[in-house]
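We name chains A, B, ... by the order of the sequence lines, and we start the count at 1 in each one. Owing to the predicted nature of the structure, the values given are computational and were not obtained by experimental measurement.
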Protein chains: 2
Amino acid sequence: MQERRDEIVAAATELLEREGADALSMRRIAERVGIRAASIYKHFPSKEALEAAIISVAFERQAAVFERAEHDLVAIAEAYRSFAREHPHLYRLMTERPLRRDLLGPGAEARAAAPLVGATGGDADVARAAWAFAHGMTILELNDRFPPGADLDEAWARGLSAFTRKGRDKRDR
Amino acid sequence: MQERRDEIVAAATELLEREGADALSMRRIAERVGIRAASIYKHFPSKEALEAAIISVAFERQAAVFERAEHDLVAIAEAYRSFAREHPHLYRLMTERPLRRDLLGPGAEARAAAPLVGATGGDADVARAAWAFAHGMTILELNDRFPPGADLDEAWARGLSAFTRKGRDKRDR
DNA sequence: GTCTATACCCGGATAGAC
DNA sequence: GTCTATCCGGGTATAGAC
């Protein structure tokens, strides 16, 4: 009977994506499933555990998307940005707090990260820098922090060129 | 009698820095000032307005720090990271939500941003990319998102070199 | 400009019956 | 595994006296 568990995670994810983190209460989640809030505790020990399940599924979805852009840093960056724009509340839940890794599905985080590591030639420092850039652009855009007229495509291009051989050649030519 | 107003902002900032965003309630703030929560509404129309005042002061503090690192991107980046590590909860308040610019002190945001724009030679796209990188590194570090052994100094160096002439020369040599 | 009192709403979580 | 009932806590904000 893991089906009910999955159903709760799916309902919670949909609620989060539609209405944001403030709407993600045990009562609202239960309402969507058609049960009472207390019953969720038969499937998850705490709200935190349920959130970790939401995040685990989201990592797997991300991994599936990133793998399709295999080994191309620019394509991965585009997929990263698109995922966040399509699921802004989910993306925030995934990134804006420390991760409860002990509650995540095993390997989920690593699977989501693998394509980027591959695309940066296995250099972990460069991969981290590239991720930081991508996350920074993404979250600042979601939070409306750039000025209204800002050309974000151009800012992305300027930043990404730092992490690609081709980009450096082009800029320094 | 703006003194009381300033006193409230100072008390709220201290409370935020010590105990984090969850502790920042009108009741807790008032307690620190030695008044009742209801009295705060004689000085601020809403909690949001009080938060905006906290952020305005924080921008001015940031501006003062960044100006000391004038025109040197690496020095500004170091100051940026240091500010966030010294005031993590304040930094989160400043960055993790859309800004209520209509409630901020005039020019505060621009003064904090000016040193970075200057250091990137006035190229707004590069300045935005550099800011995104710095924010991404900073917030991911604050949220413990990098692996335990990660060499963040090195990741910072790799990313920053993208935005400096010197860095590019060195890497491509 | 501060107080008391309160309206009004929400949250996570547990006990115990069925 | 679901329910009802409840505990216990918290929050922003307002009314009206002083």
Does the pair D153(A)/R81(A) count as a salt bridge with the N-to-O cut at 4.0 Å?
yes

Tell me if the CG atom of D102(B) is crowded by more than 12 foreign heavy atoms within 6.0 Å.
yes

Whole angstroms only, please: what is the CD1-C1' distance between I29(A) and dT2(D)?
17 Å

Starting at atom CD1 of I40(B), determine the distance to atom P of dA13(D), rounded to an integer number of angstrom.
10 Å

Send over the distance from R36(B) CZ to dG11(D) C1', rounded to a whole Å.
16 Å

To the nearest 10 degrees, what angle separates the axes at the start and end of the helix from dG1(C)-dC18(D) to dC18(C)-dG1(D), five pairs each?
0°

Find the distance E3(B):CD to dT2(C):P and express it as a whole number of Å.
12 Å

K42(B) or R28(A): which one's nearest nucleotide on DNA chain C is closer to the 5' end?
K42(B)

Evaluate the ring planes of F133(A) and F163(A), with Trp represented by its six-membered ring, and classify them as parallel (under 30°), tilted (30 to 60°) or perpendicular (over 60°).
tilted

Using whole Å, what does the distance between atom C1' of nucleotide dT12(D) and atom CG of D22(A) come to?
13 Å

A side-chain contact here means heavy atoms from C-beta on lying under 4.5 Å apart; do F44(B) and V9(B) qualify?
yes

Between CZ of R5(B) and C1' of dT2(C) the distance, given in whole Å, is 18 Å

Dump every N/O contact between nucleotides 12-15 of chain C and the protein below 3.5 Å, one line per pair.
residue	atom	partner	partner atom	Å
dG12(C)	OP1	K47(A)	NZ	2.8
dG12(C)	OP2	M26(A)	N	2.9
dG12(C)	N7	R27(A)	NH2	3.2
dG12(C)	O6	R27(A)	NH2	2.9
dA13(C)	OP2	Y41(A)	OH	2.8
dA13(C)	OP2	K47(A)	N	3.0
dA13(C)	O5'	Y41(A)	OH	3.4

Whether N143(B) side chain and T95(A) backbone form a donor-acceptor pair below 3.5 Å
yes

Side-chain N or O of R4(A) closer than 4.0 Å to phosphate OP1/OP2 of dT2(D):
yes

Less than 4.5 Å apart, side chain to side chain, heavy atoms only: is that true for L116(A) and F66(A)?
no

Roughly how many Å is it from CG in L50(A) to C1' in dG11(C), rounded to a whole number?
15 Å

Between the side chains of E96(B) and R92(A), is the shortest nitrogen-to-carboxylate-oxygen separation below 4.0 Å, so that they form an ion pair?
no

Answer yes or no: does a side-chain N or O of S39(B) lie under 4.0 Å from OP1 or OP2 of dG1(C)?
no

Give a yes or no on whether W131(A) and I76(A) share a hydrophobic cluster (residues Ile, Leu, Val, Met, Phe, Trp, Tyr; joining criterion: side-chain heavy atoms under 4.5 Å apart).
no

Here the pair of heavy atoms bringing Q62(B) nearest to A112(B) is OE1-CB, 4.0 Å

Please give, in whole Å, the distance from dT4(C) C1' to I35(B) CD1?
14 Å

